[in-house]
Structures are given as C-alpha cells and as structure tokens.
Protein chains: 2
Amino acid sequence: MTRKAAEDYGYDYNIPLDEFFQFAISVDCVIYGYHEGKVKVMLIKRGADPYKGKWALPGDLVYPKEALDEAARRVLTELTGLEEIYMKQVHTFGAVDRHTLGRVVTLGYMALIEMYKHPLKADGWAEEVGWFEIHEIPDLAFDHNEIFSESLKFLKQSLESHSPVGFEMMPKKFTLLDYLELTEYVLNKRLDKANFRKKLLAQDFIEPLEEVQKNVKHRPAKLYKINKKKIELET
Amino acid sequence: MTRKAAEDYGYDYNIPLDEFFQFAISVDCVIYGYHEGKVKVMLIKRGADPYKGKWALPGDLVYPKEALDEAARRVLTELTGLEEIYMKQVHTFGAVDRHTLGRVVTLGYMALIEMYKHPLKADGWAEEVGWFEIHEIPDLAFDHNEIFSESLKFLKQSLESHSPVGFEMMPKKFTLLDYLELTEYVLNKRLDKANFRKKLLAQDFIEPLEEVQKNVKHRPAKLYKINKKKIELET
DNA sequence: CCAAAAGTGTTCATTCTACACCCATGG
DNA sequence: CCATGGGTGTAGAATGAACACTTTTGG
C-alpha cells in the first residue's frame, strides 16, 4: 500500500501508511470455573522468556485472517477441549511497552466453564496448567493482573444484579444453595439464604426439575436447570 | 524479529512471526453533546473512498508509539479543541473485512462534552462536521452504526442507574430540570419530576449553589454543581 | 390578577432485609 | 431420637411510582 493509494482512501499522513500496520493483536482469556465451593481461574506457567516461570493468562496471537471472537474461542477450545463456552470481551489493553516482542495490543476476554468437564492439558508454550482461587491470584506476566481484575469486576457486577452468567460454571442440574455458595465466594460476603432463593426463583429463566439430590445424609435439595431460551429473550 | 528469536520468547508457530505484525489499530469516538433539550452525536462526512460522502464517527489510526487512550484523546482534542474530556473505552471491533485498506482493528470510545464550548472544525479528511440527534443517526461508514449502538447502550445504562456521567454534557452550573430533560431524551421516556429530583439530591456528589437562573419569566430554578472529588471516592 | 415553571408532600405498592421457624433425610 | 442442611413465612424498613399540591417569578 503506497502513500498515494492511502490518500485515495482518504488518509493523509506525514508518515507512510505501512508504519501503521505493525501491530499484533492477541487475546487473553480469564477462564473461571467452580469446584467444591470455590471459584478458580486457569493459569498457565510460561515456559520461556519473557516472564519465564511466571504464571499467565492463557492467550494467543490473532491470525491475520481471523476474527477476534474466533481467536478467543480457538484458545478456549484448544485448552479445554470444550465447545459452547460462555465468553465475553471485557477490555482492551495496549500500553506501548506491554510486550517485549513488539507492539502487541491484547483483548481481555472472560470465559466461564463447567470445570469438572474439562480435561486439563498443557499447551505448547506452557510448562504447566493450574487453577488458582480468585482471591489468591499470584503475580502474573505482562499486564495480566490488570486484565484479571477487570474481568472479576465484571463477574461481580453480573452476580450482584443476578444476571444469568454464574450458571455457566454450574452443572446442568444444580441446587440453589450450590449457586448461593458460588455467589458468596465471588462477592466475598455472606448472603441471606431465604432472600437469595426468592430472588432467584423470581427470575423466569430458572426452572425446577422433578429430581432431587441423591446420597446426602440430610433432606435432599431440589434440582434446577436454566432455560436458555428465556435468557435470550431478555437481552 | 526472526522465528528463532520468537521461539526464544516462547512462541512456536508454523508461520513466521512477522505475519502477525500486520494489523493496524484505530480508535473511533462517539462524541455526545447536549443542546437545547436534545442529545446529539458528532459525525464527520468522509471526503474520500471508501464510503465517500457517508457520515462516519471521528477516529484515527493509532501511532506505533502511542497508547490507546492517548490516541482517543488526541482525536478528541484535535476535533473539539477541548482538554479534559470524559472518555471511556466501550468495545473493540475487528471483523476481518471491516476495512478495505487492510486489517484494521478499532476501539470504540464514548466521549461526553459540553457542546456549547467547542468550536466546530472540519478536519483534513472530513468534508463536513455535523451533529445528529441520537435517535436519528443515518447509515454510517464501516461498522460505525454498531459502535454507536454499543456506546448508546452504555450511556443509557449509566443514566438509568444515576451514575454520574450525564453531567459531563452539562455546563458547570445547571438546573435539575435541565438534567431531567437530558435524561428523558436519551432514555426516550418521560420521568416523574418529583421522583427524579429526590433521587438526584440523594446522591452526595451533587451540590446546590446559592445562585439561581436569571432572565426567565417564571420562578427561577436553583443551580447545582457536581463535586468531582466525591465521585472519585465512589469508584 | 394569570401563566409558567419550580419545588414539596403524601399515599400506596413493591422490594429488601433480617430472622424465626418448620421439614425431610440418614444414622 | 438427633444432626444436618433444605426450605418457608412474616414483620418492618426502605425504596419506587403516582399524583396533588404549593411557591415564586414576569407580565
């Protein structure tokens, strides 16, 4: 692309247009899962410099012919083996010196998975994969702590307003008190059981099943499911 | 950057790393202003192809050594002559074919200005600058209608929850009913005057002045101002 | 006096919060 | 029977919605 061509397109710069086409784009995913009362985030340990040995968010560069959401979905699927993951773009970070390889602008995504489902596997550039409780995230590579914080802020807001995202971390059939536990853990505060139940059951996307818990040594809890069709109508 | 060097950094791709550094980044700003009861958005008319003659959001390519917010602020300042503009990154768009010049990923920003302050000026690549009522936005160039919609969604949410952003479009001293009018226009519905007052005055960042309106042929309204310090404490 | 917009008070309905209580199961 | 968690009811406070009313100015 010559400068003349660029001008025909409506640009008029003092530096050649090519200079602008030097960026790389990456996606970094904050993958949340719920396991035994705790919400955790999947991190990978970097196997090479920069930040060798540091934990980082899983991510990758976006291919030149790849859509942004597509790239995020690729990372998620490769890492977890799951399709159909809830995923949302949260914020874009692009400090000039955030990456040592060159100018890399990264899109932070938040993803929620049913943790028990996914077969953990280390990737090519990761030595190790681990799950960390969201309240005990270590120092991460690059600006990943900031990306994590933004995503957590969003997750908290969603749970506080009872918008139907937390369910993406639960199994298809779940009890209301499991979900209460998840919410309490993320928000880091106790909630009233009775009021929480009422609030949830008032939402019409949550539907009771005829089934109950098995093998518990107390009164078995009723199981519920999410009706995704009703969710889509709301938005 | 050679492939070997890239591998040292922890990347291992089948295509050379350079291939990834082909993107350009741009920022597109949805600039809102309030004038005579109506909220409007600033658009520029494109002077060249593609989309010659179409209205578009003001924006620009990000320079290789420039931070993202910095680029957005540059666009805003160049266009309006104002410093200190409220500005917020909203969403990033990057469909593969969204731009004819090459792969350009764009960050949508929302900005709010005190409209009466700014001296309108057409830019190099714009034939014309115009303000359009937010409920009558024409077909825009690129994916700019989508960027606009995202920003409007955010603005509506902010106003509904009475978070202190709409004030950025008002003069330093304003009446509560002016602000009511602004809110009604954006949300496109009538609100109860009395309840709106109570709600607003309950927020502690809004403070009454000793001053009142002048030259009106009815009971003059009290003027209020925003205490920015209190806003920062909240967030 | 009147017109016009500013500003207040009251009522009723809805939602939130706290907390006490009952229920079903395994052992 | 008890322990354990599941599940319900209710009273009082806080908030929201609707609407009638009073106040202050210019003319």
Side-chain angles (χ1 to χ4, degrees), chain A residues 34 36-38 156-164 166-167 170-171 173-185 187-225 234, chain B residues 34 36-38 156-164 166-167 170-171 173-185 187-225 234:
Chain A
Y34 176 65
E36 289 176 353
K38 288 177 172 165
K156 282 183 176 176
Q157 278 169 7
S158 304
L159 291 178
E160 257 163 15
S161 64
H162 295 274
S163 69
F167 305 109
M170 310 243 43
K173 302 171 181 182
F174 58 91
T175 72
L176 295 187
L177 272 76
D178 271 352
Y179 192 64
L180 170 65
E181 216 173 352
L182 181 156
T183 305
E184 286 185 335
Y185 187 76
L187 299 182
N188 208 7
K189 70 175 174 204
R190 310 239 67 211
L191 299 171
D192 185 276
K193 184 178 49 150
N195 297 333
F196 187 82
R197 291 183 73 85
K198 280 175 230 157
K199 189 82 202 171
L200 268 194
L201 293 175
Q203 319 267 114
D204 68 343
F205 53 76
I206 185 159
E207 292 176 354
L209 296 167
E210 288 313 308
E211 234 169 311
V212 294
Q213 269 184 324
K214 292 239 158 57
N215 304 320
V216 286
K217 60 172 195 166
H218 52 73
R219 175 176 173 182
K222 186 160 212 156
L223 295 173
Y224 291 81
K225 74 179 179 76
E234 284 175 29
Chain B
Y34 177 64
E36 291 178 350
K38 288 177 173 166
K156 282 183 177 177
Q157 276 169 9
S158 305
L159 291 177
E160 256 162 16
S161 65
H162 294 274
S163 70
F167 305 110
M170 310 243 40
K173 303 171 181 180
F174 58 90
T175 72
L176 296 188
L177 272 76
D178 270 351
Y179 192 63
L180 170 64
E181 216 173 352
L182 182 156
T183 305
E184 286 185 334
Y185 187 76
L187 300 183
N188 208 7
K189 70 176 174 201
R190 309 237 68 208
L191 299 170
D192 184 276
K193 185 179 50 150
N195 297 333
F196 187 83
R197 290 183 75 86
K198 280 176 228 157
K199 190 81 203 176
L200 269 192
L201 293 174
Q203 320 267 115
D204 68 343
F205 53 75
I206 184 158
E207 292 176 353
L209 296 167
E210 288 311 310
E211 233 169 312
V212 294
Q213 269 183 324
K214 290 238 158 60
N215 303 319
V216 285
K217 61 172 194 164
H218 52 74
R219 174 174 174 180
K222 187 160 214 162
L223 295 174
Y224 291 82
K225 75 180 177 79
E234 285 174 29

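A note on names: the letters A, B, ... follow the listed sequences, proteins ahead of strands, and every chain is numbered from 1.
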Which nucleotide, [options], lies nearest any side-chain atom of [X]?
{"X": "A:Arg219", "options": "D:dA17, D:dT24, D:dG7", "value": "D:dG7"}
{"X": "B:Pro220", "options": "D:dA18, D:dT25, D:dG16", "value": "D:dT25"}
{"X": "B:Lys217", "options": "D:dG26, D:dA18, D:dT24", "value": "D:dG26"}

Next item on the list: Could you pick out which residue, B:Asp192 or B:Thr175, lies toward the 5' side of DNA chain C when each is mapped onto its nearest nucleotide?
Entry: B:Thr175

Check: About how many Å separate CD of A:Gln213 and CZ of A:Arg219, when rounded to the nearest 0.5 Å?
Finding: 11.0 Å

Checklist line | Distance in Å, B:Leu177 CG paired with B:Leu182 CG, rounded so as to fall on 0.5 Å steps | finding: 12.0 Å

Base, sugar-phosphate, or nothing for [X], non-hydrogen atoms under 4.0 angstrom?
{"X": "A:Lys198", "answer": "base"}
{"X": "B:Leu176", "answer": "nothing"}
{"X": "B:Lys193", "answer": "base"}

Next item on the list: Nearest-nucleotide wise, let me know which of A:Ala221 and A:Ala194 is further upstream toward the 5' end of DNA chain D.
Entry: A:Ala221

Next item on the list: Assign each of A:His218 and A:Asn195 to its nearest nucleotide of DNA chain D by heavy atoms, then name whichever residue's nucleotide is nearer the 5' end.
Entry: A:His218

Margin query: Parallel, tilted or perpendicular: which one describes the rings of B:Phe205 and B:Phe167, with boundaries at 30° and 60°?
Written below: perpendicular

Notebook entry, point to check: More than 12 non-hydrogen atoms from neighbouring residues, nucleotides or ligands closer than 6.0 Å to NZ on A:Lys225, yes or no?
Noted result: yes

Margin query: With heavy-atom distances below 4.5 Å as the criterion, would you say the side chains of A:Lys198 and A:Asn195 are in contact?
Written below: yes

Note to self: With heavy atoms of chain B within less than 4.0 Å as the criterion, where does contact along DNA chain C begin and end?
What the structure shows: C:dA4 to C:dT10

Margin query: For D:dG7 and A:Arg197 - does any side-chain N or O of the residue sit under 4.0 Å from the phosphate oxygens OP1/OP2?
Written below: yes

